[in-house]
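We're numbering straight along the sequence, starting at 1.
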Amino acid sequence: MLRLLEDMAQPHPGHARLVLSNRPEAGVQAKAQAQAMGVAIEVLDHRPFGDDRASFETELHKILKAYEIDVICLAGFMRILGAEFVSAWQGRMLNIHPSLLPKYQGLHTHQRALEAGDRLAGCSVHEVVPQLDAGPILGQSEVPILPGDTVQDLADRVLMQEHLLYPKILRAFLARFEPPS
């Protein structure tokens with residue numbers, strides 16, 4: 001998220017209005033940086049909602065509408081969003097995923113790539129659809145899997161590529177909405 005904010009501080013087709021987290025303890029550094037950049041911070045802790053996903057998503061939607069959000073960029077938001085919420089934001093919600101989709105949807109992507117003996121891993125930016133990690137892929141970046149790699153080694157290299165890929169893809173995605181000059 002921090003890399004997106006830093007990129008958006010430059011001339012950019014978009015404007016960051018809100019950093020929203022579902023965990024109060026998450027992203028302290030990014031939240032502080034966002035606040036220093038004049039971006040609003042909100043936390044909607046999912047835990048008090050228990051299994052009531054619809055109520056959580058109703059509150060989430062209210063917050064997004066209050067800030068007049070046009071596009072959602074998910075980064076580390078480890079909650080599966082329901083079909084109704086996702087459909088309401090269809091074509092306006094992006095996610096970064098630490099694998100070369102469609103391979104390794106869901107969790108433990110680096111471990112799965114290592115166990116499979118893959119020679120390449122990477123990351124993907126995709127549009128969010130109701131099916132998990134199945135939306136149109138907007139961009140990918142490959143990372144070689146090196147002999148002796150641990151899950152953490154691979155995760156670190158993939159994260160470096162995520163920080164380069166997501167800002168680039170967001171710029172291109174938002175430029176589609178700009179009126180021609």
Side-chain angles (χ1 to χ4, degrees), residues 1-23 25-34 36-37 39 41 69-81 86 89-129 131-178:
M1 182 56 61
L2 192 51
R3 297 301 171 259
L4 292 177
L5 293 173
E6 289 169 350
D7 192 54
M8 292 179 88
Q10 308 302 315
H12 198 280
H15 174 74
R17 290 190 183 130
L18 174 67
V19 170
L20 190 146
S21 174
N22 64 309
R23 294 180 304 147
E25 69 280 0
V28 174
Q29 180 185 7
K31 289 176 188 172
Q33 181 90 11
M37 297 170 84
V39 178
I41 307 296
I69 300 303
D70 297 317
V71 173
I72 299 171
C73 297
L74 299 173
F77 194 84
M78 302 298 289
R79 302 286 302 161
I80 294 175
L81 296 166
V86 171
W89 290 91
Q90 191 82 34
R92 299 181 298 134
M93 185 166 23
L94 306 181
N95 186 38
I96 182 91
H97 184 75
S99 80
L100 296 172
L101 291 173
K103 262 189 156 178
Y104 311 125
Q105 297 168 329
L107 300 174
H108 311 296
T109 59
H110 308 304
Q111 182 67 42
R112 292 160 62 196
L114 290 171
E115 288 172 356
D118 290 353
R119 296 190 317 168
L120 286 176
C123 55
S124 306
V125 175
H126 64 94
E127 288 187 38
V128 177
V129 298
Q131 300 76 27
L132 181 66
D133 297 329
I137 296 168
L138 303 177
Q140 294 183 310
S141 185
E142 295 179 342
V143 172
I145 297 178
L146 305 175
D149 264 351
T150 65
V151 169
Q152 191 59 56
D153 295 333
L154 184 54
D156 291 344
R157 282 200 315 284
V158 169
L159 183 61
M160 286 190 291
Q161 290 305 307
E162 288 180 16
H163 289 167
L164 298 172
L165 181 65
Y166 209 176
K168 179 176 117 181
I169 297 301
L170 177 61
R171 276 180 176 276
F173 182 81
L174 292 177
R176 297 181 348 194
F177 298 104
E178 281 190 297

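In this structure the side chain of Glu127 reaches within 4.5 angstrom of the side chain of Leu94, judged on heavy atoms. When side chains are defined from C-beta on, Val129 counts as touching Pro136, because their heavy atoms get closer than 4.5 Å. Between Val125 and Lys168, the closest side-chain pair of non-hydrogen atoms is not below 4.5 Å.
Taking each heavy atom of Val19 and Ala34 in turn, the nearest pair found is CG2-CB, 3.7 Å. Taking both residues in full, the closest heavy atoms of Ala16 and Leu5 are given as CB-CD2, 3.6 Å, listed atom of the first, atom of the second, then distance. Nearest approach of His12 to Gly14, heavy atoms of both residues: ND1-N, 2.9 Å. Closest of all the heavy-atom pairs between Gln161 and Ser141 is OE1-OG, 2.6 Å. Looking at every heavy atom in both residues, Asp70 comes nearest to Arg17 through OD2-NH1, 3.9 Å. Taking all atoms of both residues into account, the shortest heavy-atom contact from Ala75 to Met1 is CB-CE, 4.0 Å.
Once rounded to the nearest 0.5 Å, the distance linking CG of Leu170 with CG of Leu165 reads 11.0 Å. Leu164 contributes atom CG, which lies 10.0 Å from atom CG of Leu159 (distance to the nearest 0.5 angstrom). Leu132 CG to Leu107 CG: the interatomic distance, rounded to the nearest 0.5 Å, is 8.0 Å. Separating the CD atom in Gln140 from the CG atom in Leu120 is a distance of 11.0 Å, to the nearest 0.5 Å. Between Arg112 atom CZ and His110 atom NE2 the span is 11.0 Å, to the nearest 0.5 Å. In this structure, the separation between CD1 on Ile41 and CG on Leu18 is 7.5 Å, given to the nearest 0.5 Å.
Residues satisfying the side-chain hydrogen bond (donor to acceptor under 3.5 Å, both in side chains) test with Asn22, not counting sequence neighbours, are His46. Residues forming a side-chain hydrogen bond (donor to acceptor under 3.5 Å, both in side chains) with Glu162 (at least two apart in sequence, or on another chain): none. Here Ile72 pairs with Leu64, Ile69, Leu74, Phe85, Trp89, Met93 under the side chain to side chain contact (heavy atoms under 4.5 Å, CB included) rule; sequence neighbours left out. For Arg157, the side chain to side chain contact (heavy atoms under 4.5 Å, CB included) test picks out Val143, Leu146, Asp149, Asp153, Leu154, Met160, with sequence neighbours left out. Scored by the side-chain hydrogen bond (donor to acceptor under 3.5 Å, both in side chains) test, Arg171 finds Asp7 as partners (sequence neighbours excluded).
Evaluation of the ring pair (Phe, Tyr, Trp, His ring centres under 6.0 Å) test over residues 150-175, restricted to residues two or more places apart or in two chains, returns Phe173-Phe177.
Exactly one of Leu114, Thr109, Asp156 qualifies for a side-chain contact (heavy atoms from CB on, under 4.5 Å) with Val151. That residue is Leu114.
Under a 3.5 Å cut-off, the side chain of Ser124 and the backbone N or O of Leu101 do form a donor-acceptor pair. Between the side chain of His97 and the backbone N or O of Tyr104, at least one donor-acceptor pair lies under 3.5 Å.
Classification of Glu6 and Arg3 as a salt-bridged pair holds, one side-chain N sitting under 4.0 Å from a carboxylate O.
Within a 6.0 Å radius of CD1 in Ile80, other residues, nucleotides and ligands contribute 12 heavy atoms or fewer.
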